[in-house]
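One structure below.
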Amino acid sequence: MNKWWLGILILMLGFSGQAQNRKFLIHLNKQDPFKYDEIAAGAERLDLINLNTQQVCGVVLNGVNSQLSKKLREPLVQDSLLNKICYSGVQTYSTSRYTKRKTWKKEEKNINYALKLNHSRHKMFAAYAFKVDLLDLPGRDKFYCDKRNFDSDLHLYAGHRPKIRNPEHEDYVEPVPLFAKTEQQMVETLLELLESNGCMRNIMSRKFTRIGMAVRMEERSLYRTKRPYMYVVMILSGKQNYHTKKKDKLERMVELEKTYE
Amino acid sequence: MKHIGLLLGMALIAMKASAIKITSLSEINGNELLITEIDLSNRGIVEFPEIILQCKNLETLSLRKNGFVELPLELGKLEHLKKLDLSENQNISPLQLNDLFDSCVFELDELYLEDCALFFLPEGIAKQESIAVLDISDNYIQTLPYAMMHMNRLENADFSNNKLRDISWLSTKWWALKEIDASGNEDLEAAGLLMNLSFQDNIEKITVSNLSVIPQEFKYFTGKEIVFKNCVIPDLPRHKYSSKIARISFENCVFPKPEKIVERINSYAKPGKLTFRNTEHHQLLPFLNANVDSLDLRDNQLTLIDPVIEMEKLKWLDIRSNPVSNKSLDFVSNERPDITLFASEPIQESVGISPPFPGREPQPEVVKIQAKKPQVVPIGKTIFNIPENAFLTQSGEVYQGPVDIEYTEYNTPEDIFLSGISMTTNFEGEPYMLSSGGMFRFEAKDQDGNELQANPSQPIQAKVISQSSRPNMQTWRMNDTGVWVDYGEDNMDEVFKLDKSRLDSIMKIDFGSLIETNVEYVHNRYVPIIKKGDRLKDFEISFELLNTDWRTNKKIRLTSENDIEVFTRDYHSEFLCHTNLVYDGDSSAYYQEKLEAMHDYCSKTYSKLRLKQSRYESYTKQGPNFITELKLSPDYENDNFDLTFKFKDSVVNIPVVFKTRSDHYSSKPKEISSYFNRYQYSFKKYVKEKRRNYFKIVPYIKKAKKAMRLRALNAEKARQRNLFDQRGNNKLMLSIGSVERSVSMDGFGLWNCDVRSRMVAPRNMGDEFYSVAGEMIDDKVEKVTVIDKSQNGVVNFDGKEKKFFDKNSKNVIIVFFASVGVGIFKSWIDNIRGNKLELKLLDPTSAEKEIESLIKEDS
């Protein structure tokens, strides 16, 4: 009997996998291509409850291109089709796609198919998905969530949860509220991430010329003892024939061939 | 934008509407930009009229049958020219023709160079890739330029009566070919040609001659008509999968086993019509058991036709010009009344003159001369050489005073129709239509209006400038009873034609030992293969290489003294055969089906060309090459490659990418680049081989060209000499016409240069006539006149008898009704349903005026 149940379970899992793929493509089919306004990162903190994803993407893309301009490279061109694919991806991917490499490889095939369906003229691509921590607190520092305290919008405070809550008590310690990162901090964190997973190397290389990205705030990371984060999907694309172009002497040879007729 | 387009469209329509066709040079002035068609055939032109060059929008130019030598290079600047007819201009300089086609900007659709005494075909003609109709018959051409392989739009080719040797290789490149006539080339490799043409899809009609064996591949022939001339036909290879052939003709053929051919025809070929010409009686008899609808046995030696009663399907039988006995004819008519039998010409004999519209006959031209002295008088298109004492009075005395000559000419079918002159004659009890080559009425009167007579001892010599160059015409004169009397054969002289015996001597001196070089390129063949791809709606493309049987290591082979075969290996195509390509476009289903269809088609056809006895799998060098060359070019905009090849005459372009082992962004571009480099290397290798071959062939070709130029110069000198002699004798004829016919007049009245002619394919027009709107005309038919524009003759039928017209001719049929008026039908324009003609009805009161212009209209 157990075998039967196991079989049904495996079948259901298979269907759910197919559904994931279809979900992405159906979402993609409904979307229109769009572009972000690239703006410089400001000093104000991010509003995580109502995160302006358009602005965040614009800031990040500006940050990436400023890195390129520092090294006197041509900036990456924002591709509306890539933005569209990234947006559909970030809206439909399950959380495992951002953490497990194996599952992400499957998704790369879907992106390849999506590019073909939309007649992309840049066939070579590199796709990345990752989570970005948005809390302005060093990585290993302790923090806690206090929903009764309204000093912080995120209800997050530094240190250990206090046992004494009475402010008149002699051992009472004033809680230190924690806030979201500023735009500049967020961009710096993201660039560090790009550096660490090898994406920055591709950005700096000349073979990729186009970029597209989309972000989504993970709402389940708010108001609890969790560091608030957002999901990012980024695709770089370029011409797969870029090596070929350098060594192309075919036209000359075709002309030469005609003279011997 | 829409308005601009509309205006442009209207302007174009207006231009079309005002397009003019002219037939004389005087009409050009002031209409230069409106003229689209010029027909100056048979005008005796000796210098190319420069005024033609001002007609910038000219599309059709016919200069057939003239005498000019030089062709100005400016003619090549008429960029809209689509149809050029230079036939029967034997004085035309082949060198200038060569220069014209080398430098021209026009792209012709039709080119006629029939009977131009050409010894070689200028290579520039082969560059006219848009030509659909090419007529180079009756010349002395031995080989066709190899660049003619690019003429893939050629539909109708007439190469008959030349000295061609081998065109089978070239014929495989003409994928659009529908009709080809290669008869009359004695040294032609006709079997190879017929084999290659049997694989062509679009072919409809083939005419071949001098075959001793019909190749086995003829069973794949899918055309509608085949004509064998001067052949020995031991067998007719067809099998159960062969398609039906609608018409088969045998002209002057010999059948060692006629019963076998009959069996093949009945079982497999199943033609609708069988035609025989000049076939012996005992060879024809077995064919009277053939299972066909129509049997054309004209001009044979058949004496008995009794077996035809067993031919169940037979409905139409033509046995004119056969000595068939009356007994046999009666027997067949009684046993099989359902057969339409033509034992004699299906026309009615008429005599005398009865104009259909009195008062509208051609009017005479009056010229005054003095009868005293001998003189040459040109009137209209006739030159009269009048000796002294040529006129007699009614009493028989010689008249020497002033004479009024009344001259009327009837050259066109319209003139003959309006004059009402009978154009039939009776010969050995059979009526014939007279096909006119020039007719005139000559009458002479003295000052008081009394008619003068001809002096039989001093006949007037007339030279008629004829519109027809048909040989074997007779001189006829209408007697007092209105019957044409035969005065014997006339002397035809074509002023600008070269003396053939002299031309043959030129051939022997200048061309006898030298033969032109014939180059033939041989390639391997490729068949596309489709596999399913990795991604959804993807497929992989690869090609199968079919090795052509070559046998030697040498790339260039001299097959005969001056025939070269070149085998060029397509290294780049071979490379693509070993590489898998993935389709990279958005209509994969369409291309997949297309390539699969190509695969099936090629595999099926090439399986017939596979050599069974060869050690390795290889194929014959004969036969078609459907996919000529595989080429790849990078498309940087779409980031993929274009795979290009020619399938037959159409170019197939497919977006592809190389199938790589890895899909990772770091390794995939490198792999692609590596594949592309290897492709480039193989292409370079191919170009090198082509270059090597080219430099080996060039000396042969240069030598041939040099010799050809020398020969052309010699030929031209001879022509010039001939021309000089001819023009010295015929100064008066210049600028009138090119064909003269001599008539010795021993009496005045109607004179005619005619030949008895038969209908090629008689067709019954029925008794019911319909209006254009489709309503039946319920009225009594008094008379039907058939004006044959192709044969230049007129036949009348009365209302009761069966009425026929020639299906192969350009006819105007005029039906005279008792009360409705006159109906007019043009066989090349108007509809005919079954046997019911759709007539354009003319009002009886205005019919006389309209009918003249209606007959003249060509379209």
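First the proteins, then the strands, lettered A, B, ... as listed; each starts at 1. For clarity, every value in this text was computed on a predicted model and none was experimentally measured.
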If you count heavy-atom pairs within less than 4.5 Å of chain A, which of Asn693(B), Val657(B), Val687(B) leads?
Val687(B)

With chain A, which of Lys668(B), Lys670(B), Lys684(B), Glu637(B) has the greatest number of heavy-atom pairs at distances under 4.5 Å?
Glu637(B)

Choice from Lys123(A), Lys246(A), His243(A), Met124(A) maximising heavy atom contacts with chain B below 4.5 Å:
Lys123(A)

Against chain B, label Thr259(A) side chain, backbone, both or neither, depending on which of its atoms sit under 4.5 Å from a heavy atom there.
backbone

Give the member of Lys249(A), Lys207(A), His122(A), Glu108(A) that has the highest number of heavy-atom pairs under 4.5 Å with chain B.
Lys249(A)

Between Ser673(B), Ala147(B), Ser674(B), Gly585(B), which has the largest tally of heavy atom pairs under 4.5 Å with chain A?
Ser673(B)

Where on His150(B) is there a heavy atom nearer than 4.5 Å to chain A: the side chain, the backbone, both, or neither?
side chain

Asn65(A) vs Asn62(A), test: side-chain hydrogen bond (donor to acceptor under 3.5 Å, both in side chains). Steps then yes/no.
CA-CA 5 Å; Asn65(A) 278 339; Asn62(A) 186 53; over 6 Å; no

I'd like to know whether the aromatic ring centres of Phe626(B) and Trp175(B) sit less than 6.0 Å apart in this structure.
yes

Examine Phe539(B) together with Tyr583(B) and report whether their ring centres are nearer than 6.0 Å.
yes

Over 12 non-hydrogen atoms of neighbours within 6.0 angstrom of CG in Asn653(B)
yes

When Tyr694(B), Phe695(B), Tyr636(B) are compared by non-hydrogen pairs under 4.5 Å with chain A, the top option:
Tyr636(B)

Part of Phe125(A) lying under 4.5 Å from any heavy atom of chain B
backbone

Using ring centroids (six-membered ring only for Trp), state whether Phe645(B) and Phe543(B) fall under 6.0 Å.
yes

So which part of Tyr146(B) gets closer than 4.5 Å to some heavy atom of chain A, the side chain, the backbone, both or neither?
side chain

Is Asp586(B) close to chain A through its backbone or its side chain, or both, or neither, when contacts mean heavy atoms under 4.5 Å?
both

Validation row, ring centre Tyr665(B) to ring centre Phe208(A) under 6.0 Å
yes

Tyr571(B)/Phe683(B) aromatic ring centres below 6.0 Å
no

Donor-acceptor pair, side chain of Ser120(A) and main chain of Lys116(A), under 3.5 angstrom
no

Val698(B) versus chain A, the contacting section by heavy-atom distance below 4.5 Å:
neither

